[in-house]
Amino acid sequence: MSGLFITFEGIDGAGKSTHIDALAAALRAGGRTVVLTREPGGTPLAEKLRALALNEPMDALTEALLMFAARRDHLLQVIEPALARGDAVLCDRFTDATFAYQGGGRGFDLAVLGTLERWVQSVPALPPPGLRQPDVTVWFDLPPAVAAQRLAGARVPDKFESQPQAFFERVAAGYAQRAQADPARFLRVPADQSREAVWEAVASGLRARGVLA
Ligand code: TMP
């Protein structure tokens, strides 16, 4: 089997986690080896960078550099070896989150993020242009007002979760812009419906792309 790289995106509160676990179970039932991982994080170094990025105040460029530094380590140590073995890699967030949060949310320069994306995701083993991108990105699209209700009082918020709704409006617009730029990669799932209906949308979208039988 050839490797499969699926990422999951959405604003905080969009409800990715249960569906990532359900998809891992479905792929394993179909005979695939699955690697479950997340960003920022996924390696000891990247988890340390995550703790800094999510808890310490810093400017948007510093934040973006930490996200991409964590990503480079994660890509080289975990994602590329798993794809080379033919595993399915399910990654909770990837570069679209940097474009949405640091680009959309914080208003940071998208051209600089694009340069960092090309540096960090360059993999010599790939045919030109040698840029690793997810095969599919499942985007849980939830109105920020609904996400705010879901998050209220749910847990102690980190630096991003405690941002005002206007921030998440910009993050959501950032995701929409990325999806529009690469519609073949993005599977948009309307997330303002029951958990069962969301899962059905994920599963049917992935069946249509040949990821699930
Ligand atoms: P999580 O709570 O879904 O694990 O994500 C961690 C937080 O980090 C979430 O609020 C989104 C944010 N984030 C960024 O700001 N930029 C990034 O590149 C990534 C991957 C996450």
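First listed ligand is number 1; within each ligand, the first listed atom is number 1.
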What's the separation between atom CG in Leu52 and atom CE in Met58, rounded to the nearest 0.5 Å? 6.0 Å

Please confirm whether [X] approaches ligand 1 to less than 4.0 Å, judged on its heavy atoms.
X	result
Lys159	no
Glu63	no
Gln102	yes

Under 4.0 Å between heavy atoms, the region of Leu54 that gets near ligand 1 turns out to be side chain

So if I count the atoms of ligand 1 from 1 in the order they appear, which ones are less than 4.0 Å from some heavy atom of [X]?
X	result
Pro40	19 (C), 20 (C), 21 (C)
Glu39	20 (C)
Thr98	17 (C), 18 (O)
Asp12	2 (O), 9 (C), 10 (O)

In terms of side-chain heavy atoms, does [X] have a donor or acceptor partner in [Y] at a distance below 3.5 Å?
X	Y	result
Thr98	Arg71	yes
Tyr101	Asp96	no
Asp59	Thr62	yes

Is there at least one pair of N or O atoms, one from Arg38 and one from ligand 1, spaced under 3.5 Å apart?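 So ligand 1 has no N or O lying under 3.5 Å from an N or O of Arg38.
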
Close N or O approach (Asp92, ligand 1; < 3.5 Å):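 In fact, backbone or side chain, Asp92 has no N or O that close.
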
